[in-house]
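One structure is given here, and the rest of the page talks about it.
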Amino acid sequence: MGLTGCNDTQTTTPTPPLTASDAKAFLEDVQADIYKMQVPAAHAQWSYATDINVDTAAVSAYMNEQLSTKVAGYAKEAAKFNGVEMDADTRRKLDLLMSGLTMPPPSDAKKAERLAQISSELDGMYGSGTYCRTEGDCKSLVEMSAEMATSRDPELMLEYWKGWRDVSVAMKPLYTEQVAIANEGAKELGFSNVSELWRGQYDMPADDFPKELDRLWGQVEPFYQSLHCHVRAKLGEQYGTDVVPQDKPIPAHLLGNMWAQTWGNIYDLVKPEQEMSVPDVTGALRSQGYDEIKMVKQAESFFSSLGFEELPDTFWERSMFQKPEGRDAQCHASAWNLDDKDDLRIKMCIQITGEEFNVIHHELGHNYYQRAYNQLPLLYRGSANDGFHEAIGDTIALSITPKYLKEIGLIDEIPDASNDIGMLMQVALDKIAFIPFGLMVDQWRWKVLAGEVTPENYNKVWWELREKYQGVMAPVERPADAFDPGAKYHVPANVPYTRYFLAHILQFQFHKALCDIAGDEGPLNRCSIYGSKEAGTALNNMLEMGMSQPWQNALETLTGTPQMDASTIQAYFQPLKDWLDEQNKDRQCGW
């Protein structure tokens with residue numbers, strides 16, 4: 001046929017197969033390149049968060065798009081090493097790179113740009129959102145939240161509740177578009193959708209993770225039901241059982257919080273009737289002349305007492321402690337490390353209250369964690385799982401007990417154990433009330449991201465889940481086009497929420513382990529690790545691991561077990577649980 005030998009002039013050298021050392025070289029280059037862009041992107045994001053305007057928005061959106069596109073490109077490239085045999089450390093870094101994007105942009109440049117633009121727009125809508133009662137009388141979220149915390153006027157609370165949810169209606173088409181684009185990006189990375197990407201970040205198969213969450217919720221649910229039952233009965237006494245029916249979920253506007261996620265602001269309505277001396281931390285802070293800086297300095301000294309190094313001078317120069325005059329800023333408290341080394345900062349609009357005193361300790365927990373792992377390779381600079389980051393600060397805050405408050409001079413004497421019911425009630429109203437909310441936000445979002453819930457049912461399914469897990473209902477019929485999930489910062493900002501659920505479980509587990517190490521033999525709820533260098537060393541040993549190993553190993557380093565366990569919660573709150581059971585014995589519980 002005359003065809004033999006026709007390839008003599010076209011010899012091609014076959015590409016050698018990829019090796020483990022190729023993967024290592026790839027990762028070195030990637031980490032150096034990402035770091036180079038990550039730092040200016042973080043500065044742009046900080047500028048926007050602390051000064052929302054058209055210029056900072058444009059720069060932040062551009063930098064964010066450039067960085068996420070770069071990371072997405074590298075994530076896709078990492079997939080070419082999927083079949084290559086290599087050591088566990090290199091494999092872990094590749095896996096982290098592939099699953100590190102929250103909203104992965106597709107390779108189509110126009111769509112990637114649009115994704116970044118939507119993200120910036122949603123952020124801006126939330127950050128600058130207001131509700132106007134009349135012309136000239138407009139309220140920010142901070143102002144409405146402050147009034148809802150103390151108001152006992154159901155009409156006013158309902159007005160603010162509805163008013164804030166008007167802000168999120170315009171987000172819905174943008175959010176829907178964003179989900180569609182990000183799902184394209186996730187498919188390019190080899191995931192079926194963003195839901196699978198999010199659920200797959202926990203060192204276990206993506207489909208097993210929700211089962212693990214249900215197991216943990218099962219350990220907490222009986223106690224939550226007792227708390228819910230008592231709170232509903234007391235709200236019924238306050239507002240009438242026509243407003244708060246005793247066999248239905250609780251109307252969401254009456255719990256002292258814009259999202260009914262924590263209930264501490266209605267403590268005065270549900271507290272035990274016996275006379276108790278619960279420390280008034282807010283009063284003490286104010287009477288002792290604490291300002292924003294002094295509150296943060298005191299929180300820093302907690303960490304110093306555990307043996308941690310003091311915060312750098314730049315922390316005090318560059319952080320945002322108050323709402324800036326004359327410009328929009330995101331007041332949502334957050335902790336930052338802008339250069340992944342020592343440029344640590346917090347961003348808060350601090351109020352002089354006991355609650356904010358706790359929040360500051362929490363935010364600094366993030367900063368000390370960020371600093372503990374800052375020597376690791378870039379891809380390992382993060383918490384063992386995202387719940388760990390939230391849990392560390394909360395664990396510290398659990399040590400803000402009367403024992404600690406007395407040591408730092410905020411109170412003169414430690415109330416005796418008969419006061420514990422009241423103090424445990426305060427903690428439970430914030431932490432136990434939060435747990436089902438912490439669980440349901442991503443239950444909703446995973447369904448949305450997986451396409452199981454379509455836009456016309458976004459709101460319907462949101463309220464179904466809130467009723468199922470929290471026993472909380474919308475106080476009025478919600479319009480079909482409402483987008484109530486968007487009224488919660490983490491939804492338009494695309495911050496995964498399961499971390500907060502995990503944090504509320506882990507913090508009690510961490511607290512018990514640290515109290516044991518500190519040698520505190522009293523009741524768990526009265527323990528403070530303040531001043532224990534042993535506890536500080538044990539904590540730091542876990543923090544320094546960052547993401548370098550599966551979270552189960554990090555957990556075992558501190559607690560001696562690789563399994564998350566919510567049973568510590570029962571031990572911590574036992575006196576309150578016994579008291580609630582007594583209160584509820586003639587009530588109909590459940591909804």
Side-chain angles (χ1 to χ4, degrees), residues 31 34-47 49-50 64 67 71 93 96-97 100 102 201 296-297 299-321 330 332-348 358-397 490 493 495-496 499-500 502-503 506-507 510 514 536-549 551 554-555 557-558:
Q31 290 178 106
I34 290 175
Y35 183 73
K36 205 160 69 180
M37 187 178 278
Q38 190 172 291
V39 176
H43 282 280
Q45 207 182 346
W46 173 267
S47 301
T50 56
N64 189 31
L67 180 61
V71 174
K93 285 188 187 130
L96 288 169
L97 179 58
T102 309
Q201 294 180 342
V296 182
K297 286 274 185 199
E300 179 192 37
S301 79
F302 188 106
F303 289 90
S304 301
S305 85
L306 301 178
F308 288 90
E309 205 183 316
E310 288 185 346
L311 292 163
D313 291 346
T314 51
F315 172 86
W316 304 100
E317 293 155 14
R318 297 169 184 171
S319 288
M320 181 183 104
F321 301 119
Q330 293 171 2
H332 186 84
S334 55
W336 299 58
N337 186 357
L338 275 82
D339 65 355
D340 250 352
K341 291 289 180 199
D342 283 312
D343 191 355
L344 304 164
R345 310 180 190 182
I346 61 170
K347 172 183 65 63
M348 275 181 81
N358 277 18
V359 173
I360 294 164
H361 283 73
H362 170 97
E363 294 305 333
L364 291 194
H366 285 299
N367 284 143
Y368 283 95
Y369 202 165
Q370 287 161 341
R371 185 159 70 180
Y373 56 62
N374 72 9
Q375 299 305 310
L376 294 174
L378 183 76
L379 287 164
Y380 287 159
R381 289 179 207 159
S383 61
N385 70 36
D386 55 5
F388 276 61
H389 235 309
E390 297 302 329
I392 293 304
D394 280 344
T395 300
I396 297 301
H490 300 72
V495 178
R499 61 185 61 177
Y500 301 104
L502 294 175
L506 287 166
Q507 63 187 265
F510 290 164
L514 289 166
T537 301
L539 178 59
N540 196 51
N541 288 343
M542 180 176 78
L543 302 187
E544 282 180 345
M545 292 168 73
M547 300 172 81
S548 63
Q549 293 184 42
W551 63 261
L555 181 62
T557 299
L558 180 62

Should Phe302 and Phe308 be marked as a side chain to side chain contact (heavy atoms under 4.5 Å, CB included) after you check the CA-CA gap, both sets of side-chain angles, and the distance that decides it? CA-CA 9 Å; Phe302 188 106; Phe308 288 90; over 6 Å; no
Would you indicate whether the side-chain heavy atoms of [Y] and [X] approach each other to under 4.5 Å?
X      : Y      : value
Asp340 : Val39  : no
Arg318 : Trp46  : no
Phe315 : Val296 : yes
Leu555 : Leu506 : yes
Val495 : Tyr500 : yes
Leu543 : Phe388 : no
Leu502 : Trp551 : no
Asn337 : Arg381 : no

Going by an N to O cut-off under 4.0 Å, is there a salt bridge joining Arg345 and Asp343?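 Yes, charged N to carboxylate O under 4.0 Å.
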Closest contact, heavy atoms only, [X] versus [Y]:
X      : Y      : result
Ala335 : His366 : CB-CB, 3.4 Å
Ala503 : Ala391 : CB-N, 3.5 Å
Leu344 : Pro312 : CD1-CD, 4.1 Å
Ala397 : Asn358 : CB-O, 4.2 Å
Met545 : Leu376 : O-CD1, 3.5 Å
Phe303 : Ala299 : CD1-O, 3.4 Å

Between Asn540 and Glu544, does a side chain to side chain donor-acceptor pair (under 3.5 Å) hold up when you go through it step by step? CA-CA 6 Å; Asn540 196 51; Glu544 282 180 345; 3.0 Å; yes
Are Asn367 and Glu363 linked by a side-chain donor-acceptor pair shorter than 3.5 Å?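 No.
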Please list all pairs passing the salt bridge (charged side-chain N to carboxylate O under 4.0 Å, His left out) test where one or both residues lie in residues 300-312, with sequence neighbours left out.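 Not a single pair qualifies under salt bridge (charged side-chain N to carboxylate O under 4.0 Å, His left out).
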Please round to the nearest 0.5 Å and tell me the distance separating atom [atom1] of [X] and atom [atom2] of [Y].
X      : Y      : atom1 : atom2 : answer
Lys93  : Leu379 : NZ    : CG    : 7.5 Å
Trp316 : Leu311 : CH2   : CG    : 6.0 Å
Ser334 : Met320 : OG    : CE    : 8.0 Å
Gln38  : Gln45  : CD    : CD    : 10.0 Å

Tell me, please, which residues at least two apart from Tyr369 pass ring-ring contact (aromatic ring centres under 6.0 Å, His included).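 ring-ring contact (aromatic ring centres under 6.0 Å, His included) list for Tyr369, sorted by chain: Tyr373, His389.
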Steps toward side chain to side chain contact (heavy atoms under 4.5 Å, CB included) verdict (Glu317, Asp313): CA-CA 7 Å; Glu317 293 155 14; Asp313 291 346; 3.8 Å; yes
Checking Ile346 against Leu364 for the side chain to side chain contact (heavy atoms under 4.5 Å, CB included) test, could you report, in this order, the C-alpha distance in whole Å, the side-chain angles of both residues, the deciding distance, and whether it holds? CA-CA 8 Å; Ile346 61 170; Leu364 291 194; 4.2 Å; yes
Identify the residue among Ile396, Asp394, Thr395 that makes a side-chain contact (heavy atoms from CB on, under 4.5 Å) with His361.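 The single option meeting the side-chain contact (heavy atoms from CB on, under 4.5 Å) with His361 is Ile396.
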Just do the side chain to side chain contact (heavy atoms under 4.5 Å, CB included) check on Asp342 and Thr314 with the steps written out, would you? CA-CA 8 Å; Asp342 283 312; Thr314 51; 5.9 Å; no
Can you check whether Arg499's main-chain N or O pairs, donor with acceptor, with Glu390's side chain at less than 3.5 Å?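 No; zero donor-acceptor contacts below 3.5 Å.
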Treating Lys347 as the side-chain partner and Gln330 as the backbone partner, does any N or O pair qualify as donor plus acceptor under 3.5 Å?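 Between the backbone of Gln330 and the side chain of Lys347 there is a qualifying donor-acceptor contact (under 3.5 Å).
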